[in-house]
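Data first, discussion second: the structure below is written as structure tokens.
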Amino acid sequence: MNLRQILPAACALALLPALPALAQSARPPAQVKITNARSVPLDSLEITTTGEQARLVAKLAKPLAPGKSVSLKLNKPAGCSYYVLGKFSDESESDNDGIDLCKERSLRLTE
């Protein structure tokens, strides 16, 4: 074997340990931590897939008090981009379209 034959194989072997990390970062987590950093309760929160046929993947079961956190399990997540809609007791809303849950594994809702 000469250097031209060994070098590509050596480079491919060197990249193997990085492949699981790359694949893992392109996958949404099993759950997302939600923190209510506002001074009023978070009455409801829904996380849905984006696109024409949006699908609910997580929902807040009960109101979340100010300063508290909860982890929501994602039901059959697909892709990385999600729409998040939170409604507070003071009738204000927090909506975010295109949240990348592959990168953001926790969401902090603020004023």
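The model shown is predicted, which means the values in this text are computed figures rather than measured ones.
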Report whether Tyr82 and Leu109 are members of the same hydrophobic cluster (ILVMFWY, side-chain heavy atoms less than 4.5 Å apart, transitive linking).
-> yes
Of all heavy-atom pairs linking Pro28 and Cys102, the shortest is N-SG, 3.5 Å
Count the heavy atoms of every other residue, nucleotide or ligand shown that sit under 6.0 Å from CZ of Arg55, and state whether that count exceeds 12.
-> yes
State, yes or no, whether a side-chain contact exists between Cys80 and Lys103 at a heavy-atom distance under 4.5 Å.
-> no
Nearest 0.5 Å please: distance from the CG atom of Leu107 over to the CD1 atom of Ile99.
-> 5.5 Å
Verdict with reasoning, Ile34 to Leu42, per side-chain contact (heavy atoms from CB on, under 4.5 Å) | CA-CA 10 Å; Ile34 307 297; Leu42 175 63; 4.2 Å; yes
CG (Leu85) and CG (Asn96) are apart, to the nearest 0.5 Å, by 9.5 Å
For side-chain hydrogen bond (donor to acceptor under 3.5 Å, both in side chains), just list the numbers for Arg38 and Ser92, CA-CA rounded to whole Å, side-chain angles, deciding distance to a tenth of an Å, and then say yes or no.
-> CA-CA 11 Å; Arg38 293 206 54 214; Ser92 64; 2.6 Å; yes
Could you grab the distance from atom CD of Gln31 to atom CZ of Arg105, nearest 0.5 Å is fine?
-> 10.5 Å
Side chains of Asn36 and Lys68: closer than 4.5 Å at any heavy-atom pair?
-> no
Would a 4.5 Å heavy-atom cut-off, applied to side chains only, mark Phe88 and Pro41 as touching?
-> no
Any chance you could measure Leu60, atom CG, to Ile47, atom CD1, to the nearest 0.5 Å?
-> 9.5 Å
Is any side-chain heavy atom of Arg108 closer than 4.5 Å to a side-chain heavy atom of Thr110?
-> yes
Within one Ile-Leu-Val-Met-Phe-Trp-Tyr cluster: Val32 and Tyr83, side-chain cutoff 4.5 Å | no
In terms of heavy-atom contacts, does CD of Glu91 have more than 12 from other residues, nucleotides or ligands at under 6.0 Å?
-> no
When rounded to the nearest 0.5 angstrom, what distance separates NZ in Lys33 from OG in Ser69?
-> 4.5 Å
Glu52 CD to Thr49 OG1 distance, which is reported to the nearest 0.5 Å = 11.5 Å
Step by step, would you call Leu45 with Leu64 a side-chain contact (heavy atoms from CB on, under 4.5 Å)?
-> CA-CA 9 Å; Leu45 182 119; Leu64 185 61; over 6 Å; no
Just by modelled atom types, is the Ser39 backbone N or O under 3.5 Å from a matching donor or acceptor in the Glu111 side chain?
-> yes
Evaluate the side-chain proximity of Val57 to Thr48: yes if any heavy-atom separation is below 4.5 Å, no if none is.
-> no
Please walk me through it: do Glu46 and Leu56 pass side-chain contact (heavy atoms from CB on, under 4.5 Å)?
-> CA-CA 7 Å; Glu46 293 182 345; Leu56 183 68; 3.8 Å; yes
